[in-house]
Amino acid sequence: MRPPDFNARVCELVSRIPRGKVTTYGIIAEKAGARSSARMVGWILSAADTSLVPAHRVVNRFGALSGKHHFPTPESMRMMLKTEGVTFLEDGTVSLERHLWRFEEGQD
DNA sequence: TCCTTGACTCAGT
DNA sequence: CACTGAGCCAAGG
């Protein structure tokens, strides 16, 4: 099921991710009301204005920066995250244990 | 108009 | 543990 305002909900949820945190496509899809539409989240973000939506805070379920190629340079996504205080593992993925935002309360 | 291609993920084999 | 199929559905060739 995908509510008609799925697109808007996705943008709002992404905008709600605090600095230094990241979340996954699946979590956003679920919170936006469409558990199995994770791919749509990526499509929406690719069409969204990255200057208005912090799309760099969205990674895949492994913490890999699967969307880096949609930024000015492949390195800019990682650079922006690093600037916000996000730490990376040796394999170049985000440490989800430390930075995953689940849209729950009391995480700050 | 049909076919392919994705910023994905999970269940089944 | 690796691989596959399916669900999801917008865009572009």
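All heavy atoms count here, side chains included; hydrogens, waters and symmetry mates do not. To find a chain, count down the sequence lines: A is the first, B the second, and so on, and within it residues start at 1.
Residues A/Leu45 and A/Met79 do not share a hydrophobic cluster, clusters being chains of Ile/Leu/Val/Met/Phe/Trp/Tyr side chains in contact below 4.5 Å. Linking Ile, Leu, Val, Met, Phe, Trp and Tyr whenever their side-chain heavy atoms come within less than 4.5 Å puts A/Met40 and A/Phe103 in one cluster.
Counting non-hydrogen atoms under 4.0 angstrom, A/Ala47 reaches nothing in the nucleic acid. Here A/Ser36 lies in heavy-atom contact (under 4.0 Å) with a base.
Distance from the side chain of A/Met40 is smallest to B/dG6 among B/dT9, B/dA7, B/dG6. In the set B/dT9, C/dA10, B/dC10, C/dA10 carries the atom at the smallest distance from any side-chain atom of A/Trp43. Among the nucleotides C/dC8, B/dA7, B/dT9, the one closest to any side-chain atom of A/Phe71 is B/dA7. The side chain of A/Ser46 lies closest to B/dA7 when the candidates are C/dC8, B/dA7, B/dC10.
Protein atom CZ of A/Phe6 is 13 Å distant from nucleotide atom P of B/dC8, rounded to whole Å. Rounded to whole Å, atom P of C/dC9 lies 11 Å from atom CD1 of A/Ile44. The distance from atom CG of A/Leu13 to atom C1' of B/dA7 is 16 Å, rounded to the nearest whole Å. Taking atom CZ on A/Phe62 and atom C1' on B/dA7, their separation rounds to 15 Å, with Å as the unit. As a whole-Å value, the separation of A/Arg35 CZ from C/dA6 C1' is 12 Å. The distance from atom CG of A/Leu45 to atom P of C/dC8 is 20 Å, rounded to the nearest whole Å. Atom CD1 of A/Ile17 and atom C1' of B/dA7 are 13 Å apart (whole Å). Atom pair A/Glu30:CD and B/dT9:P shows a separation of 12 Å (rounding to whole Å applied).
Residues A/Thr87 and A/His99 bring a donor and an acceptor atom of their side chains to less than 3.5 Å of each other. Between A/Arg57 and A/Thr23, the side chains place no donor N or O within less than 3.5 Å of an acceptor N or O (distance only, hydrogens not considered).
C/dT4 and B/dT5 have their P atoms separated by 16 Å, given to the nearest Å. Here, C/dA2 and B/dA7 have their C1' atoms 24 Å apart, quoted to the whole Å.
A cation-pi contact, defined as under 6.0 Å to the ring centre and within 45° of the axis, links A/Arg78 to A/Phe88.
The side chain of A/Arg39 contributes no N or O atom lying less than 4.0 Å from OP1 or OP2 of C/dA10.
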